[in-house]
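Residue numbers count from 1 along this sequence.
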Amino acid sequence: MLGRCWATSTPSPLSLPQWDLLVDGCPYQDDRYLTTLVSVAGSSGLQFPTHYKRFVVKMFTFVDPASLAPLQETIFIHCSMAVCHPSSGSCEQSCSRKRRDAHVKTISSGQTVVSSGEVHLVKST
(Lines give C-alpha, C1' and ligand atoms only; values in the text may rest on other atoms or scores of the structure.)
Protein backbone atom coordinates (compact mmCIF):
# COMPACT_ATOMS: atom_id res chain seq x y z
CA MET A 1 0.00 0.00 0.00
CA LEU A 2 1.42 3.35 -1.01
CA GLY A 3 1.06 6.00 1.66
CA ARG A 4 2.47 9.50 1.46
CA CYS A 5 5.02 10.60 -1.15
CA TRP A 6 6.82 13.91 -0.78
CA ALA A 7 9.85 15.78 -2.05
CA THR A 8 12.68 17.43 -0.11
CA SER A 9 15.74 19.41 -1.12
CA THR A 10 18.11 17.05 0.76
CA PRO A 11 18.48 13.24 0.97
CA SER A 12 16.82 13.18 4.42
CA PRO A 13 13.08 12.43 4.34
CA LEU A 14 12.73 14.49 7.54
CA SER A 15 14.35 17.66 6.16
CA LEU A 16 12.44 20.85 5.46
CA PRO A 17 11.02 22.18 3.22
CA GLN A 18 8.78 19.32 2.07
CA TRP A 19 6.30 19.21 -0.81
CA ASP A 20 3.52 16.59 -0.78
CA LEU A 21 3.00 14.64 -4.01
CA LEU A 22 0.69 11.83 -2.86
CA VAL A 23 -1.36 11.47 0.33
CA ASP A 24 -2.77 8.02 1.21
CA GLY A 25 -1.56 6.88 -2.22
CA CYS A 26 -3.64 9.50 -4.06
CA PRO A 27 -2.67 12.80 -5.73
CA TYR A 28 -2.39 15.61 -3.18
CA GLN A 29 -5.51 17.69 -3.85
CA ASP A 30 -4.07 21.00 -2.58
CA ASP A 31 -1.40 20.95 -5.32
CA ARG A 32 -2.59 22.71 -8.46
CA TYR A 33 -0.05 20.65 -10.45
CA LEU A 34 -1.55 17.29 -9.50
CA THR A 35 0.68 14.25 -9.53
CA THR A 36 -0.73 11.63 -11.94
CA LEU A 37 -0.97 7.94 -11.08
CA VAL A 38 0.02 5.60 -13.94
CA SER A 39 -1.50 2.14 -14.30
CA VAL A 40 0.98 -0.72 -14.07
CA ALA A 41 -1.53 -3.40 -15.11
CA GLY A 42 -0.42 -4.98 -18.36
CA SER A 43 3.17 -3.72 -18.05
CA SER A 44 5.34 -6.31 -19.67
CA GLY A 45 8.19 -7.82 -17.74
CA LEU A 46 6.68 -7.37 -14.27
CA GLN A 47 6.01 -10.65 -12.50
CA PHE A 48 3.76 -9.03 -9.87
CA PRO A 49 2.35 -5.80 -11.36
CA THR A 50 0.17 -5.14 -8.30
CA HIS A 51 3.36 -4.77 -6.24
CA TYR A 52 4.35 -1.64 -8.20
CA LYS A 53 3.06 1.93 -8.14
CA ARG A 54 4.03 4.55 -10.71
CA PHE A 55 3.29 8.23 -10.85
CA VAL A 56 4.23 11.29 -12.88
CA VAL A 57 5.31 14.51 -11.18
CA LYS A 58 5.38 17.91 -12.85
CA MET A 59 8.84 19.24 -12.09
CA PHE A 60 9.41 22.04 -9.64
CA THR A 61 12.17 23.41 -7.47
CA PHE A 62 12.26 24.73 -3.94
CA VAL A 63 12.80 28.49 -3.76
CA ASP A 64 14.04 30.95 -1.17
CA PRO A 65 10.90 32.50 0.41
CA ALA A 66 12.32 36.05 0.30
CA SER A 67 14.06 36.22 -3.09
CA LEU A 68 12.18 33.37 -4.86
CA ALA A 69 15.58 32.21 -6.16
CA PRO A 70 15.94 28.43 -6.67
CA LEU A 71 17.63 26.81 -3.66
CA GLN A 72 19.35 24.08 -5.65
CA GLU A 73 18.95 22.01 -8.77
CA THR A 74 18.16 18.65 -7.15
CA ILE A 75 15.23 17.20 -5.25
CA PHE A 76 14.71 13.87 -3.49
CA ILE A 77 11.45 11.90 -3.53
CA HIS A 78 10.37 9.83 -0.53
CA CYS A 79 7.39 7.48 -0.15
CA SER A 80 6.00 5.63 2.84
CA MET A 81 4.58 2.20 2.14
CA ALA A 82 3.34 -0.89 3.92
CA VAL A 83 2.57 -4.48 3.09
CA CYS A 84 -1.13 -5.26 3.04
CA HIS A 85 -2.33 -8.73 3.99
CA PRO A 86 -5.55 -9.74 2.15
CA SER A 87 -6.76 -11.47 5.34
CA SER A 88 -7.21 -8.02 6.93
CA GLY A 89 -9.61 -6.88 4.19
CA SER A 90 -9.25 -5.41 0.73
CA CYS A 91 -5.77 -4.41 -0.43
CA GLU A 92 -7.02 -2.15 -3.23
CA GLN A 93 -6.53 1.60 -2.94
CA SER A 94 -8.97 3.83 -4.71
CA CYS A 95 -8.57 7.54 -5.31
CA SER A 96 -11.96 7.97 -6.93
CA ARG A 97 -13.95 7.65 -3.71
CA LYS A 98 -14.16 10.59 -1.33
CA ARG A 99 -14.09 8.25 1.67
CA ARG A 100 -11.37 5.66 1.97
CA ASP A 101 -11.62 2.30 3.67
CA ALA A 102 -10.63 2.43 7.34
CA HIS A 103 -7.85 -0.16 6.87
CA VAL A 104 -5.79 2.30 4.81
CA LYS A 105 -5.35 4.44 7.92
CA THR A 106 -4.41 1.51 10.17
CA ILE A 107 -1.29 0.43 8.26
CA SER A 108 0.99 3.19 9.59
CA SER A 109 2.61 1.06 12.29
CA GLY A 110 4.28 -1.20 9.72
CA GLN A 111 5.26 1.48 7.23
CA THR A 112 8.68 1.90 5.70
CA VAL A 113 10.08 4.92 3.83
CA VAL A 114 11.84 4.47 0.48
CA SER A 115 13.79 7.38 -1.00
CA SER A 116 15.01 8.15 -4.50
CA GLY A 117 18.49 9.22 -5.37
CA GLU A 118 19.03 12.75 -6.61
CA VAL A 119 16.55 13.99 -9.20
CA HIS A 120 18.43 16.63 -11.21
CA LEU A 121 16.51 19.61 -12.53
CA VAL A 122 17.83 20.70 -15.90
CA LYS A 123 16.68 23.92 -17.49
CA SER A 124 15.60 23.33 -21.08
CA THR A 125 16.51 25.81 -23.78
**Q** Might you point out which heavy atoms bring Leu16 and Gln18 nearest each other, and give the distance in Å?
**A**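 Distance-wise, the nearest heavy atoms are CD2-CG, 4.0 Å.
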**Q** If you take all heavy atoms of Leu2 and Cys79, which pair is closest and at what distance?
**A**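 Closest pair (atom of Leu2, atom of Cys79, distance): CD1-CB, 4.0 Å.
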**Q** Using side-chain heavy atoms (C-beta onward) and a distance below 4.5 Å, is Phe62 in contact with Ile75?
**A**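 Phe62 reaches Ile75 side chain to side chain.
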**Q** Is there a path of hydrophobic side-chain contacts, each under 4.5 Å between heavy atoms of I, L, V, M, F, W or Y residues, that connects Phe60 with Ile77?
**A**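 Same hydrophobic cluster.
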**Q** Share the residues that join Val38 in a hydrophobic cluster, the rule being Ile, Leu, Val, Met, Phe, Trp or Tyr side chains under 4.5 Å apart at the heavy-atom level.
**A**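 Cluster partners of Val38: Val56.
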**Q** Would a hydrophobic clustering, with Ile, Leu, Val, Met, Phe, Trp and Tyr connected at side-chain separations under 4.5 Å, put Val57 with Tyr33?
**A**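 No, Val57 does not connect to Tyr33 through the hydrophobic network.
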**Q** Tell me whether Thr8 contacts the main-chain N or O of Pro13 through its side chain, where contact means a donor paired with an acceptor under 3.5 Å.
**A**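 No; judged by distance alone, with no hydrogens or angles, the pair does not exist.
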**Q** Compare every heavy atom of Val40 with every heavy atom of Leu46, then report the nearest pair and how far apart it is.
**A**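 Heavy atoms only, the tightest pair is CD1-CG1, 3.2 Å.
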**Q** Assign the ring pair Phe76 / His78 to parallel, tilted or perpendicular, where the plane angle (0 to 90°) is split at 30° and 60°.
**A**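 The arrangement is parallel - the two ring planes meet at less than 30°.
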**Q** Would you indicate whether the side-chain heavy atoms of Leu22 and Leu37 approach each other to under 4.5 Å?
**A**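 They are in side-chain contact.
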**Q** Would you say the side chain of Ser115 lies within less than 4.5 Å of the side chain of Pro11, judging by non-hydrogen atoms?
**A**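 Contact flag for Pro11/Ser115 side chains = no.
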**Q** Taking Val23's backbone N and O only, do any of them form a donor-acceptor pair with Gln29's side chain (distance below 3.5 Å, no angle check)?
**A**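 Not at all, since once roles are kept as given, no pair shorter than 3.5 Å links the two residues.
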**Q** How is the hydrophobic cluster of Trp6 composed, in terms of its other members, when Ile, Leu, Val, Met, Phe, Trp and Tyr link through side-chain heavy atoms under 4.5 Å apart, directly or indirectly?
**A**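 Members alongside Trp6: Val113.
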**Q** Please determine whether residues Leu21 and Met81 belong to a single hydrophobic cluster, defined as Ile, Leu, Val, Met, Phe, Trp and Tyr linked transitively by side-chain heavy-atom distances below 4.5 Å.
**A**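 As far as the 4.5 Å side-chain criterion goes, Met81 and Leu21 are connected within one cluster.
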**Q** Hey, what do you get for OG (Ser94) to CG (Asp24), rounding to the nearest 0.5 Å?
**A**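 The OG atom of Ser94 sits 12.0 Å away from the CG atom of Asp24.
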**Q** When clusters are formed by joining ILVMFWY residues with side-chain heavy atoms under 4.5 Å apart, either directly or through shared neighbours, do Phe55 and Leu34 land in the same one?
**A**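 No, no single cluster joins them.
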**Q** Would you name the heavy atoms of Cys95 and Gly25 that are closest together and state the gap between them?
**A**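 In this case the closest contact between Cys95 and Gly25 is SG-O, 3.7 Å.
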